[in-house]
Amino acid sequence: MLASLRTKRPIVHCITNHVVSNFQANGLLALGASPVMGEAYEEVEELAMLADALSLNIGTLNKLTLSSMLLAGKTANSKGIPIVLDPVGAGATAFRLSAIRQLIEDVNITVLRCNAGELAALAGVEWQAKGVDAGEGNVDVVELAKQMARKYKLIVAVTGEIDVVTDGEDVEEIPYGTPLMSFVTGMGCLLSGVVAAFLAISPGQPMVATVEALRFYAMCGEKVAPHSQAPGSFQIAFLDGLASKPQGNYDN
Amino acid sequence: MLASLRTKRPIVHCITNHVVSNFQANGLLALGASPVMGEAYEEVEELAMLADALSLNIGTLNKLTLSSMLLAGKTANSKGIPIVLDPVGAGATAFRLSAIRQLIEDVNITVLRCNAGELAALAGVEWQAKGVDAGEGNVDVVELAKQMARKYKLIVAVTGEIDVVTDGEDVEEIPYGTPLMSFVTGMGCLLSGVVAAFLAISPGQPMVATVEALRFYAMCGEKVAPHSQAPGSFQIAFLDGLASKPQGNYDN
Amino acid sequence: MLASLRTKRPIVHCITNHVVSNFQANGLLALGASPVMGEAYEEVEELAMLADALSLNIGTLNKLTLSSMLLAGKTANSKGIPIVLDPVGAGATAFRLSAIRQLIEDVNITVLRCNAGELAALAGVEWQAKGVDAGEGNVDVVELAKQMARKYKLIVAVTGEIDVVTDGEDVEEIPYGTPLMSFVTGMGCLLSGVVAAFLAISPGQPMVATVEALRFYAMCGEKVAPHSQAPGSFQIAFLDGLASKPQGNYDN
């Protein structure tokens, strides 16, 4: 799948936060995709029209970029290209929760890529709507992910020590990775862009593409970690790793 | 103090400029703190409420982010968490000077972290208010820092070849560091975030925490510089250095 | 010319996109220039007034930053300092094309620094104005660059496998570089800043300065590429390379 990605060089339109925009663009370039990073309302419709996938990230969202995301999302839907939504810090503020709810309701999202905390926050919103308090008890990530996937008819990809991908029926668990990944800002954000790139070259196979993207990404981290001293050098080695030719069954 | 920081993982809410936001977030993660980077007016109140410290940086300020800083600052004051203000390029424009003045007057700042040029510019504003021209003659950094600290009832931390920290009475000078630090953008900005993280775990001891933060930071630069060829590799080695276990009296 | 740059440390005011702002600032610092990165309408006039050159980049343009660019550009013209315009993704959207046209018409640009695709898009606008479709047939980069240079009375610097610099009459071709440069985001953006820095120390010699900047930059990439494994480490080595003392005729 990676070889195909590098041949096709899918254009991934990213509306993302300014903390990770450089890392996300560099990661997509290293991978072999072609990132386009514009976010002005005046141009996101055209940018989404020329893209093969759309990656939305609310990390430094404001009202203007939310409008741009909604417009780009609707455009991507009308064109039929896949959309990945990264609900960064979903539980932190009412503004983020409300924005994510609006995005999920107004736009057909292909993959929701989040961590367990964000998943719990998003599900908590639903629980509250049912009169149930959020955040109490241990969260069964797999069960919660399946519920979200079914409710919103999308794929949920939850990353953590063990990644979980589900379309509401099937569940895939991916055990690879390295703790260093949680000490580099934007690792999850970049992954969301990588998922978008894999989706772009896998029409009709979003579950397979998402699992492949997460497996490739986690194994890349696992592969380069031993050669890195700490987060700084790991970040650079990871970008190198994304660009390197993989061995075995990823290069097909 | 560093061991305590890594155990507590204080949340540092940063409203910062887009040039350094990635470096600042990565540096705080490497250090062991937990950065939160939102800046939309709609959510900064909630973000400040969940934070253990607030770090404000005017490097690419506009009217919107200034409003967000004022709101976050007042929230942080009401919650009683420390605030670090980094007056990037204070002397460059009237907009920056006016914004800093408003922030210092409307918000109780715990630490003003600046360089000598910014200090002189800020003091110059006061001089002008007293009919004295700014920028003429040599600046006595220690004396100026003490004046600013007393006038605004905050700690002033001026970084340079020798760092100066003062609360208006006591003065600490920190001679460590490396010239390479001035060839990486955002070194001062990240330091302001690091000071915020140290303040967060040292309630009631802002002077001690600020001095410790600056000493740790400067020694980290001094330690990794010999292994770096130039600014690019130094920047990465510095992030690694922030994450490494220190020797001696910092690990207590 | 590089030695002179490092002695004079020209101030380059950059209004740039948030994807590359960190890399552009770090690259200019490494080179020996002094970047200033503000973009708020309230302060760009003052920032341009204290600068030795202005670098404009439309990568994540919106209406606000466009206004700031026009104001900074007119200020730079009135002060007589050089301006470099980087029309990132010129062909991607009507908003970008319209913005570039406005910038070129309302401001005296010294150097237009672009790639072949952006050049074709810009020229295509002109072709359309003449009833000719854009994008058909092979583009003769040299001829197109000369036409643009003559039409707008500026220097056109087109980077690619072979860089082309022309003032509409003379043409210089620069064959150095490495394919790795196209796998790091912001390589072109940073180059535009570097051209601005070289222009700042070469009053009256914009063609010479532009050619020198592109040659230095491409040779820097060529020099460090063999020691880099992939885009991540290349990006860091390139920053180191910008800071290193060059050999031969660049150090004069």
Side-chain angles (χ1 to χ4, degrees), chain B residues 16-27 37 39 57-67 87-100 102 117 121 135 179-190 225 227-240, chain C residues 6 9 11 13-51 59-60 62 64-65 67-68 72 184 190 220 224 227-228 232-245:
Chain B
T16 192
N17 73 74
H18 65 68
V19 181
V20 308
S21 52
N22 181 269
F23 186 59
Q24 193 167 357
N26 269 321
M37 312 299 287
E39 71 202 19
N57 177 303
I58 66 157
T60 53
L61 193 72
N62 57 41
K63 278 184 295 188
L64 292 174
T65 39
L66 177 56
S67 301
V88 179
T93 69
F95 176 61
R96 295 191 188 208
L97 267 181
S98 149
I100 297 160
Q102 194 178 357
L180 268 171
M181 296 175 93
S182 60
F183 284 90
V184 174
T185 199
M187 284 300 291
C189 305
L190 169 52
H227 313 294
S228 308
Q229 292 183 6
S233 48
F234 174 73
Q235 176 187 1
I236 301 305
F238 189 80
L239 287 175
D240 283 356
Chain C
R6 286 173 181 171
R9 294 190 66 81
I11 298 173
H13 178 202
C14 302
I15 305 182
T16 193
N17 71 75
H18 64 69
V19 181
V20 309
S21 52
N22 182 269
F23 186 60
Q24 194 167 358
N26 269 320
L28 287 170
L29 275 176
L31 179 70
S34 179
V36 171
M37 312 299 287
E39 71 203 17
Y41 190 82
E42 290 82 0
E43 65 172 8
V44 289
E45 194 170 352
E46 281 175 275
L47 292 177
M49 279 308 290
L50 62 81
T60 53
N62 58 40
L64 292 175
T65 39
S67 302
S68 294
V184 174
L190 169 52
C220 179
V224 305
H227 312 294
S228 307
S233 47
F234 174 72
Q235 177 188 0
I236 301 305
F238 189 79
L239 288 175
D240 283 354
L242 288 178
S244 69
K245 273 193 196 286

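Below, chain A is the first sequence line, B the second, and so on; all start at residue 1.
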Report yes or no: does Asn26(C) contribute a side-chain atom to a donor-acceptor pair with the main-chain N or O of Thr185(B) at less than 3.5 Å?
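Checked: pair present.
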Using a 4.5 angstrom heavy-atom cutoff, name the option from Ile236(C), Val20(C), Leu239(C) with the most pairs to chain B.
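Between Ile236(C), Val20(C), Leu239(C), the count favours Ile236(C).
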I'd like to verify something: which residue of Leu50(C), Val44(C), Leu242(C), Leu29(C) has the highest number of heavy-atom pairs under 4.5 Å with chain B?
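Of the candidates given, the most pairs with chain B belong to Leu29(C).
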Separation of [Y] [atom2] from [X] [atom1] (nearest 0.5 Å):
| X | Y | atom1 | atom2 | result |
| --- | --- | --- | --- | --- |
| Leu64(C) | Lys63(B) | CG | NZ | 8.5 Å |
| Thr60(C) | His18(B) | OG1 | NE2 | 7.0 Å |
| Glu43(C) | Ile58(B) | CD | CD1 | 7.5 Å |
| Gln24(B) | Asn22(C) | CD | CG | 11.5 Å |
| Glu42(C) | Phe95(B) | CD | CZ | 4.5 Å |

Using a heavy-atom distance cut-off of less than 4.5 Å, which residues of residues 30-37 of chain C contact chain B?
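At a heavy-atom separation under 4.5 Å, chain B is reached by Ala30(C), Met37(C).
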Heavy atoms of other groups near Glu45(C) CD, more than 12 under 6.0 Å
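Counting other residues, nucleotides and ligands, CD of Glu45(C) stays at 12 neighbours or fewer.
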Heavy-atom closest contact (Gly232(B) atom, Asp240(C) atom, distance):
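Taking Gly232(B) first and Asp240(C) second, the nearest heavy atoms are N-OD1, 2.8 Å.
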Chain B heavy atoms under 4.5 Å from Leu47(C): which part of the residue, side chain, backbone, both or neither?
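For Leu47(C), backbone and side chain are both near chain B.
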In terms of heavy-atom pairs under 4.5 Å, which option from Ala92(B), Gly186(B), Ser233(B) contacts chain C the most?
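That would be Ser233(B).
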Let's test your reading of the structure: which of Ala94(B), Ser182(B), Gly89(B), Ser21(B) forms the most heavy-atom pairs below 4.5 Å with chain C?
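That would be Ala94(B).
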Mind checking salt bridge (Lys or Arg N to Asp or Glu O under 4.0 Å) for Glu39(C) and listing every partner two or more places apart, or none if nothing turns up?
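Glu39(C) satisfies salt bridge (Lys or Arg N to Asp or Glu O under 4.0 Å) with no other residue.
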